[in-house]
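Here the structure is laid out as structure tokens; the discussion comes afterwards.
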There are 2 protein chains.
Amino acid sequence: MTTSSGLDREVETRLAEHRIRYTSGRQILVRALAGAEGPLSAAELHDEVSGALPLSSIYRSLAVLEEAGVLAPHHGTKGLTRYELAEWLKGHHHHLVCIDCGAVEDVTVNDHHENQVDRVVNEISSKAAFTAFNHALEIEGRCARCA
Amino acid sequence: MTTSSGLDREVETRLAEHRIRYTSGRQILVRALAGAEGPLSAAELHDEVSGALPLSSIYRSLAVLEEAGVLAPHHGTKGLTRYELAEWLKGHHHHLVCIDCGAVEDVTVNDHHENQVDRVVNEISSKAAFTAFNHALEIEGRCARCA
DNA sequence: TTTCCAGCAAGAACGATTCTCATTATATAC
DNA sequence: GTATATAATGAGAATCGTTCTTGCTGGAAA
């Protein structure tokens, strides 16, 4: 099983550390997520790959990839869990969540603003005796398509 | 049906504008949420009120109160939706989400930092042609209890 | 090649949420 | 104050996303 892209290579290495195989089904999911604008749910991935993988396999693979730190979950409306590539693969970003269609779009901000956000996160965490691992600004509103 | 607290009065007024009654069951839920440290799920509220309201009624009332803008939903781990009083009732705040126990704690920051966050939100939204209605900094990590 | 085990597919099971429907309570008209 | 219309309730069935179970498959290593 040859790896084609740099992404595949990075994921394969990570999975190898966890003694997990980077099978074709898992590659399909990772590539689908790499080409997405934002997090996707199991059902959305099922559509995206045109049923090439059964839903039950998608759920299992998503759980495996999350466990290995390749994917990060995002819990959205209607009990839907969407997944996206973890930040070490796709970079730190925030979320625009549409209250109409539920779609989530990834956005990044410049370093200056990101540093400000970091400071706020640190202040909050230290005050609350909370050990912060990650953070995201979740901005709720209406996307351009639903406006 | 006399209102006891200022909160009850505010909620009652809001519901009246929507031609919705502030029944005793709804009062029980609003008061339970007013006394909570963070958002609660339907099941947690069911426990909180010791089964005084059936689950089906709790779900229906939560939906009604959300529709009227009295409650705001928060989607957490394991497909659980937790509710809290809307920001016009409890003030703007952010969330500390424990990756172990799943609990959500509300936190506020001082105006200086809040303004910085606002600026970042505005920058992101305008760049993405997104109409922002609300935002929250979701900080993931381990709470003091699970540390 | 044979053995072994991670991964797979299909469907059952599960749990949170929503829906249905008959009953009860509340407001408004008379 | 009673009648009538409308809103809300409670109990349980139904739904839907997700997870689990079971038996099978296919690739890695000896």
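First the proteins, then the strands, lettered A, B, ... as listed; each starts at 1.
- A distance of 11.0 Å separates CZ of A/R9 from OH of A/Y22, quoted to the nearest 0.5 Å.
- Note on A/I20: only backbone sugar-phosphate atoms sit closer than 4.0 angstrom, heavy atoms only; bases stay farther off.
- Atom CD of B/E67 has 12 or fewer heavy atoms from other residues, nucleotides or ligands within 6.0 Å.
- No contact: A/S41 has no heavy atom under 4.0 Å from any strand.
- Using modelled atom types, no side-chain atom of B/E105 and backbone atom of B/E37 make a donor-acceptor pair closer than 3.5 Å.
- Note on the helix from C/dT1-D/dA30 to C/dC30-D/dG1: terminal axis deviation equals 30°, with five pairs used at each end and the result rounded to 10°.
- Taking each heavy atom of B/R26 and B/S61 in turn, the nearest pair found is CG-OG, 3.8 Å.
- In terms of phosphate contacts, B/T81 brings no side-chain nitrogen or oxygen within less than 4.0 Å of OP1 or OP2 of C/dA16.
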Please write out the pairs of protein N or O atoms and N or O atoms of nucleotides 10-13 of chain D separated by less than 3.5 Å, giving the distance to one decimal.
residue: D/dG10; atom: OP2; partner: B/S57; partner atom: OG; Å: 2.7
residue: D/dG10; atom: N7; partner: B/R60; partner atom: NH2; Å: 2.7
residue: D/dA11; atom: N7; partner: B/S56; partner atom: OG; Å: 3.0

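- Taking hydrophobic clusters as Ile, Leu, Val, Met, Phe, Trp and Tyr residues chained together by side-chain heavy-atom distances below 4.5 Å, A/V104 does not share a cluster with B/F130.
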For residues 135-147 of chain B, please give each side-chain donor-acceptor pair under 3.5 Å, one per line with the distance, not counting sequence neighbours.
residue: B/H135; atom: NE2; partner: B/H92; partner atom: NE2; Å: 3.2
residue: B/H135; atom: NE2; partner: B/E114; partner atom: OE2; Å: 3.4
residue: B/E138; atom: OE1; partner: B/H74; partner atom: NE2; Å: 2.9
residue: B/E138; atom: OE2; partner: B/H74; partner atom: NE2; Å: 3.4
residue: B/E138; atom: OE2; partner: B/H95; partner atom: ND1; Å: 3.0
residue: B/R142; atom: NE; partner: B/D100; partner atom: OD2; Å: 2.6

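- At the phosphate of D/dT18, OP1 or OP2 sits under 4.0 Å from a side-chain N or O atom of A/Y59.
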Going through the distances and angles, do A/E84 and A/H93 end up as a side chain to side chain donor-acceptor pair (under 3.5 Å)? CA-CA 11 Å; A/E84 62 185 343; A/H93 58 274; 3.1 Å; yes
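- At least one donor-acceptor pair closer than 3.5 Å links the side chain of B/R14 to the backbone N or O of B/A68.
- Note on A/S61: every side-chain N or O is 4.0 Å or more away from OP1 and OP2 of C/dG7.
- When the side-chain nitrogen and oxygen atoms of B/R26 are compared with OP1 and OP2 of D/dA8, one or more of them lie within a distance under 4.0 Å.
- Nucleotide C/dG15 holds its C1' atom 10 Å from the NZ atom of B/K78, rounded to whole Å.
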